[in-house]
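We count ligands from 1, going down the list as the structure has it; atoms in each ligand are counted the same way. Since the model is a prediction, treat every value here as computed from it, not as a measurement.
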Amino acid sequence: MIKHMKEIEALSNEVQNRYETQTSQVGTEILGGHFHLGYWDNTTNDNKSATRKLTELMIDKVRIQPGQRFCDFGCGVGGPAIQLAETKGCYVDGITISEFQYNDACRRGLASSVPDSVRFYHGNALSTPWENETYDGGWFFESIFHMGHANALAETHRVLKPNAELIIADLPLLPHADDLFVKWSLEKGLAVHVHPDQYEALFSDAGFELVSYHDVSDNVMSPLVEKTKELIATKTELLSMHSSPAAIDDALYVYDQMAGNLGYALITAKKKY
Ligand SMILES: C[S@@+](CC[C@H](N)C(=O)[O-])C[C@H]1O[C@@H](n2cnc3c(N)ncnc32)[C@H](O)[C@@H]1O
């Protein structure tokens with residue numbers, strides 16, 4: 001596991017560069033302002049509906065009242081934050097390390113039906129500009145693995161109010177995932193993954209307790225490669241303008257490795273004190 005501040009800083013710098021790339025920018029456009037893997041069932045028929053569906057599942061887990069404040073650590077271009085504010089009537093502050101994503105999120109927020117309820121920040125989620133005990137809830141939506149769980153939870157603990165709930169969409173290691181995959185994933189995916197049985201201790205050390213663990217691997221990871229192939233086939237022209245065939249093959253290889261070694265879980269934790 002990654003622990004030292006220097007390693008974390010280096011990881012944050014690499015993550016920032018990764019999310020500024022053209023490929024990443026096109027990806028957020030194709031996925032309709034949500035930048036995660038998506039959830040597939042009989043109600044979803046394309047990637048945009050699959051990403052909205054996964055966001056819907058996350059929103060269902062958020063217990064927040066209209067007018068209360070929520071924080072989004074690693075908010076991408078703002079799609080999930082906007083959908084949450086629209087659904088729950090709460091205020092949402094999101095932070096992303098990518099300047100492109102920050103600008104795009106601000107643009108999307110202004111164009112949404114809730115321009116006064118969403119606010120975006122450009123910065124590191126490990127040291128936010130937010131005051132202590134400000135938020136009634138928060139989430140890491142496919143972002144905590146880029147930050148190192150322990151450090152990310154420490155900052156979240158600082159800004160959440162006591163008893164507030166934190167929702168995490170994360171990709172835990174499958175039992176057979178070995179050290180080689182873990183090393184590859186850090187180098188290639190800039191991601192630090194943990195085993196499901198590590199969450200309880202991570203939460204406890206950071207002042208949280210585990211409330212629930214919902215395994216959705218069958219609807220997220222199992223369809224990942226096939227659905228990505230279908231997406232590539234329908235967006236050939238757009239993708240060829242921004243990516244080489246080798247880069248597309250490489251992305252498929254990465255997804256194949258991820259699907260073979262990682263699950264997908266929606267986890268709720270509660271701040272204890
Ligand atoms: C896979 S994307 C998910 C984006 C968004 N949560 C969504 O679901 O649409 C990962 C996000 O984490 C953000 N991120 C990763 N490390 C970060 C850090 N240290 N500080 C702020 N944002 C970070 C990236 O900028 C990116 O927006």
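Put simply, no part of Ala169 is less than 4.0 Å from ligand 1, judged by heavy atoms. Contact between Gly79 and ligand 1 is absent, with no heavy atom of the residue lying under 4.0 Å from the ligand.
In this structure, the protein non-hydrogen atom closest to atom 25 (O) of ligand 1 is Thr96 OG1, 2.9 Å. The single protein non-hydrogen atom nearest to atom 19 (N) of ligand 1 is Asn124 OD1, 2.8 Å, given as residue, atom name and distance. Given atom 11 (C) of ligand 1, the protein heavy atom at minimum distance is Gly74 O, 3.7 Å. In terms of protein heavy-atom proximity, atom 20 (N) of ligand 1 is nearest to Ala125 N, 2.8 Å. Ranking the protein heavy atoms by distance from atom 8 (O) of ligand 1 puts His36 ND1, 3.0 Å first. Here the protein heavy atom with the shortest distance to atom 17 (C) of ligand 1 is Met147 CE, 3.7 Å. Counting protein heavy atoms only, atom 12 (O) of ligand 1 is closest to Ser143 CB, 3.4 Å. Protein heavy atom nearest atom 27 (O) of ligand 1, with residue, atom name and distance: Gln101 OE1, 2.5 Å.
Within the 4.5 Å cutoff, side-chain heavy atoms of Ile168 are placed close to those of Phe203. Between Asp93 and Tyr121, some side-chain heavy-atom pair lies under the 4.5 Å cut-off.
In this model, a donor atom of one side chain and an acceptor atom of the other lie less than 3.5 Å apart for Tyr199 and Asp170. Checking Ser98 against Gln16 by side-chain atom types alone, no donor-acceptor pair falls below 3.5 Å.
The distance from ligand 1 to the heavy atoms of Pro80 drops below 4.0 Å at these ligand atoms: 7 (C), 8 (O), 9 (O). Within ligand 1, counting atoms from 1 as listed, the ones closer than 4.0 Å to a heavy atom of Gly123 are 20 (N), 21 (C). Atoms of ligand 1 found under 4.0 Å from any heavy atom of Gly76 (numbered from 1 in listed order, with element): 4 (C), 5 (C), 27 (O). Below 4.0 Å from some heavy atom of Ser12 lie the following atoms of ligand 1, by number and element: 19 (N).
Residue pairs meeting the salt bridge (charged side-chain N to carboxylate O under 4.0 Å, His left out) criterion with at least one member in residues 187-208, sequence neighbours excluded: Lys183-Glu187, Lys188-Asp250.
Distances from atom 3 (C) of ligand 1 to the heavy atoms of Phe145, Tyr102, Tyr19, Phe35 show the closest one on Phe35. For atom 22 (N) of ligand 1, the candidate residues are Leu190, Asn13, Ile97, Asn151; the nearest heavy-atom contact is made by Ile97.
Open room surrounds CZ on Arg52; 12 or fewer heavy atoms of other groups in view lie less than 6.0 Å from it. Under a cut-off of 6.0 angstrom, the local environment of CG in Asp179 is sparse, with at most 12 non-hydrogen atoms contributed by other residues, nucleotides or ligands.
Checked against a 3.5 angstrom limit, the closest N/O atoms of His34 and ligand 1 fall outside it. The distance criterion of under 3.5 Å between nitrogen or oxygen atoms is not met by Val15 with respect to ligand 1.
For the pair Lys227 and Trp40, the cation sits on the ring face: its NZ or CZ lies under 6.0 Å from the ring centre, inside 45° of the axis.
Here the options are Lys271, Arg158, Arg69, the test is salt bridge (charged side-chain N to carboxylate O under 4.0 Å, His left out), and the partner is Glu133; only Lys271 passes.
Clustering of Ile, Leu, Val, Met, Phe, Trp and Tyr by side-chain heavy atoms under 4.5 Å joins Val77 with Phe100.
Heavy-atom minimum distance, Leu266 versus Ala169: CD2-CB, 3.9 Å.
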